[in-house]
Protein chains: 2
Amino acid sequence: MDRDLVPFKKMIEDNGNKFTIQKRTILKTIMESSVHLNAKEIYEKVKGENIGLATVYRNLKEFQELGIVKELNVNGISYYEMKIFSKKPLHIHLKCYECDNIIDMDSSGIDIEYLKLNKMVEEKNNMEIFDIDIMFIGLCSRCKEERYGETNKV
Amino acid sequence: MDRDLVPFKKMIEDNGNKFTIQKRTILKTIMESSVHLNAKEIYEKVKGENIGLATVYRNLKEFQELGIVKELNVNGISYYEMKIFSKKPLHIHLKCYECDNIIDMDSSGIDIEYLKLNKMVEEKNNMEIFDIDIMFIGLCSRCKEERYGETNKV
DNA sequence: CTTGATGCAAAGGATTTGCACAAAT
DNA sequence: ATTTGTGCAAATCCTTTGCATCAAG
């Protein structure tokens, strides 16, 4: 088995569930994708291998409950990305107003600012924070250039 | 007409749309609610006044495009809150892991930190940011106390 | 073997759309 | 008058569920 999948196998089995071929295939699909996929898109990629749409949904839900994947909800549709063992502990996304894509953002250097924010909010509100979603709404670099023109740079 | 509604009337009419009784009623409903409402909940509150569900959806969409309301998507359902002319320019929410409520958070003092973050991200990624959604996932104060007990405070 | 997982199809729930009628400018 | 908005019901899209079968431990 793919070395990368071992920790997920353990997490799933520790929870009393079975690590099936379908789960392995779906996980690999998410891991190997450079963009965020929704259930249907995952299904389109794996349906040749005898996996039903319902199985994709069921497994995504299981993965999410186990903290293996993270769900991003955009316009009422759920997209998925790997959560743990990812290089980026903090997930910041930009939803482009123009092209509607969801873009992973470079969050290096932001983590420290975020931690400050996190702590401040926890103390102020007497809450406990497990996770955070930050979604910027704006123009991605490509659409920004299309709108203003590259020559208009200040 | 309610004094508070005047700017919305103007925004809607400036956009070439009509400011109908239904729109006024829906806006007032959102403004007067202390919690975030979804389309169905708004419909339940106004259906006695001869307003259809489809109208609620259509108008919410229009309000959102005009920047009058802001949509929060949680578990695949869209909830709405007033966006502009609100006391809080920055919308931070906590989705409670336990009771599933969406809670408005006190963001005073966070705004400045946010602005720094915003600027940093814009420059780093060559993007233009219009808006930001920050959603914390954690325990609200009530559920936190239920879980850990009030006596366990450090 | 026993239990959970699967595929399929049907059901469910949120949102959108087509259409004839009503209301706004 | 003309154009946009509306209510209703049907349609659509994403997601979940029931059930008979299959596969993992």
Side-chain angles (χ1 to χ4, degrees), chain A residues 1 5-6 8-27 29-30 36-66 68-69 71-80 100 102, chain B residues 1 5-6 8-27 29-30 36-66 68-69 71-80 100 102:
Chain A
M1 191 204 313
L5 293 174
V6 173
F8 301 125
K9 181 174 191 302
K10 180 167 167 29
M11 290 177 75
I12 288 167
E13 291 177 345
D14 283 357
N15 197 246
N17 300 315
K18 289 168 184 170
F19 189 65
T20 60
I21 295 176
Q22 287 86 346
K23 290 181 188 176
R24 186 192 314 185
T25 307
I26 292 169
L27 275 178
T29 302
I30 301 172
H36 302 101
L37 302 173
N38 62 33
K40 209 175 198 173
E41 290 165 344
I42 293 170
Y43 171 68
E44 288 301 320
K45 284 179 185 290
V46 304
K47 68 180 174 189
E49 307 178 48
N50 199 25
I51 300 182
L53 222 202
T55 299
V56 173
Y57 276 104
R58 277 187 289 237
N59 287 338
L60 286 173
K61 185 169 237 181
E62 181 181 328
F63 296 160
Q64 198 198 331
E65 285 165 359
L66 290 174
I68 293 173
V69 303
E71 183 189 304
L72 307 167
N73 201 301
V74 178
N75 290 345
I77 301 172
S78 293
Y79 294 82
Y80 296 87
D100 234 45
I102 318 154
Chain B
M1 191 201 317
L5 293 174
V6 174
F8 301 125
K9 181 175 190 303
K10 181 167 167 32
M11 290 177 76
I12 289 167
E13 290 177 346
D14 283 357
N15 197 247
N17 300 315
K18 288 167 186 170
F19 188 66
T20 60
I21 296 176
Q22 288 85 348
K23 290 180 189 176
R24 186 193 313 184
T25 306
I26 293 168
L27 275 177
T29 302
I30 301 173
H36 303 102
L37 302 174
N38 62 34
K40 210 178 200 171
E41 290 165 344
I42 293 170
Y43 171 68
E44 289 301 321
K45 283 179 185 292
V46 303
K47 70 180 172 189
E49 307 177 48
N50 200 26
I51 301 181
L53 223 201
T55 298
V56 173
Y57 275 105
R58 277 186 289 237
N59 287 337
L60 286 173
K61 185 169 236 179
E62 181 181 327
F63 296 159
Q64 198 197 330
E65 284 163 1
L66 290 174
I68 293 174
V69 302
E71 183 189 303
L72 306 168
N73 201 302
V74 177
N75 291 344
I77 300 173
S78 293
Y79 294 82
Y80 297 87
D100 234 45
I102 320 154

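Any value given below was found using the heavy atoms of this structure, including those in side chains, with hydrogens, waters and symmetry copies removed. So you know, we letter chains A, B, ... as the sequences are listed, proteins then strands, and number each from 1. The shown structure was predicted, so the numbers you read here are calculated from the model rather than taken from an experiment.
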- Task: Look up atom CD1 in A:Ile12 and atom NZ in A:Lys18, then write down how far apart they are to the nearest 0.5 Å.
- Result: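 NZ of A:Lys18 is found 13.5 Å from CD1 of A:Ile12.
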
Short side-chain N/O contact to [N] OP1/OP2 from [X], under 4.0 Å:
| X | N | answer |
| --- | --- | --- |
| A:Lys61 | D:dT16 | yes |
| B:Thr20 | D:dT6 | yes |
| A:Gln22 | C:dG7 | yes |
| B:Tyr57 | C:dT15 | yes |
| A:Ser78 | D:dC14 | no |
| B:Asn59 | D:dT6 | yes |
| A:Lys23 | C:dA5 | yes |
| A:Asn38 | D:dC14 | no |

- Message: Does any part of the side chain of A:Asn59, heavy atoms only, come nearer than 4.5 Å to the side chain of A:Gln22, both counted from C-beta?
- Response: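 Side chain of A:Gln22 against side chain of A:Asn59, heavy atoms only: contact under 4.5 Å found.
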
- Between B:Glu13 and B:Lys9, does at least one N-O distance fall below 4.0 Å, as a salt bridge requires?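 So B:Glu13 pairs with B:Lys9 through a salt bridge.
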
- Message: So if I take every side-chain heavy atom of B:Lys18 and compare against C:dT15, C:dT25, D:dT6, which nucleotide ends up nearest?
- Response: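 Nearest to the side-chain atoms of B:Lys18, counting from C-beta on, is C:dT25.
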
- Message: Any base atoms under 4.0 Å from A:Leu53, or only sugar-phosphate, or nothing? Heavy atoms, all strands.
- Response: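 A:Leu53: base contact, heavy atoms under 4.0 Å.
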
- Item | Donor-acceptor side-chain pairing of A:Ser78 and A:Glu71 below 3.5 angstrom |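 Yes, a side-chain donor-acceptor pair sits under 3.5 Å.
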
- Do the side chain of A:Arg58 and the base of C:dG7 come within less than 3.5 angstrom through a donor-acceptor pair of N or O atoms?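 Result: at least one qualifying N/O pair found.
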
